[in-house]
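Data first, discussion second: the structure below is written as structure tokens.
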Amino acid sequence: MTIKLYGIAMSTCTAKVISCLHEHGAEFELVPVNLQTGEHKQPAFLAKNPFGQIPALEDGDLTLFESRAISTYVAEKFKGSSCDLLRSQNPKEAALVKTWMEVESQQFSPAVGPIFYQSIIVPVMYGGSPNQTIIDESSAKLGKVLDVYEKRLSSSKYLAGDFYSLADLHHLSYIYYLMKTPYGKLINERPRVKAWWEDISSRPAFKKVAAGLTLGDKN
Ligand code: GS8
């Protein structure tokens with residue numbers, strides 16, 4: 001039975017899961033959810049995610065929500081000798097992958113999220129003006145997080161070690177959008193972070209996903 005992913009290609013959280021599915025060459029069906037009409041707050045979708053947010057995934061009788069939990073499930077289900085984004089065969093590497101996945105979720109995302117929301121969502125979806133105070137505070141926070149990354153990337157090629165993992169993958173969609181804003185300089189002015197970004201964003205699996213990350217593009 002084909003996996004069904006409920007979401008939209010331009011959403012950062014949906015893109016995390018799609019990137020992971022493409023890394024494994026997994027078959028899936030992307031089922032669009034219309035956020036404009038509030039489909040995600042209707043009973044049919046709330047039955048898949050009671051918090052009314054995309055993405056959600058169905059695999060047979062299993063229903064999941066929370067993008068990082070979904071991508072972890074996908075990486076576990078489809079892991080193979082040529083692709084193990086969780087490093088599950090090596091407990092030490094697996095622990096480092098989990099650590100840096102937590103860093104992405106607890107440090108990176110809370111800092112980058114408001115910059116993305118103010119610079120892209122507010123003008124594009126609501127026709128409003130970005131709140132510069134929020135952007136400045138979040139940029140300072142993100143700069144400090146990326147300083148830690150810069151140091152970390154001086155001792156390993158990727159965040160969890162010298163191997164690409166789910167921890168790196170989870171950063172892709174937010175950084176992709178950040179690079180469309182003036183705050184992409186936070187990446188560009190840190191040489192190791194910049195090189196890491198150029199490396200992870202050039203993976204074929206992500207290139208397919210990037211084509212769908214069209215928020216903020218001029219028509
Ligand atoms: C966040 C989901 C989320 O914010 C996850 O899956 O990682 N922690 C969750 N989804 C957004 C779209 S983000 O691309 C969403 O559904 N927004 C609409 C809403 O909140 O009403």
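Whatever order the structure lists them in is the order used to number ligands and atoms, beginning at 1. Note that the structure is predicted; figures quoted are calculated from it, not measured.
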Q: Kindly indicate whether the side chain of Phe116, heavy atoms from C-beta on, has any atom under 4.5 Å from the side chain of Leu215.
A: yes
Q. Do the charged groups of Lys180 and Asp217 touch, with an N to O distance under 4.0 Å?
A. yes
Q. Protein residues near ligand 1, heavy-atom distance below 4.0 Å?
A. Ser11, Thr12, Cys13, His40, Lys41, Gln53, Ile54, Pro55, Glu66, Ser67, Arg68
Q. If you link I, L, V, M, F, W and Y whenever their side-chain heavy atoms are under 4.5 Å apart, who else ends up in the same group as Phe65?
A. Phe51
Q: Could you tell me whether Glu137 and Lys141 have a side-chain N and a carboxylate O separated by less than 4.0 Å?
A: no
**Q.** Evaluation steps, side-chain contact (heavy atoms from CB on, under 4.5 Å), between Leu169 and Leu166
**A.** CA-CA 5 Å; Leu169 181 150; Leu166 209 52; 4.1 Å; yes
(Q) Below 30° counts as parallel, above 60° as perpendicular, anything between as tilted: where do the rings of Phe108 and Tyr149 land? (A) parallel
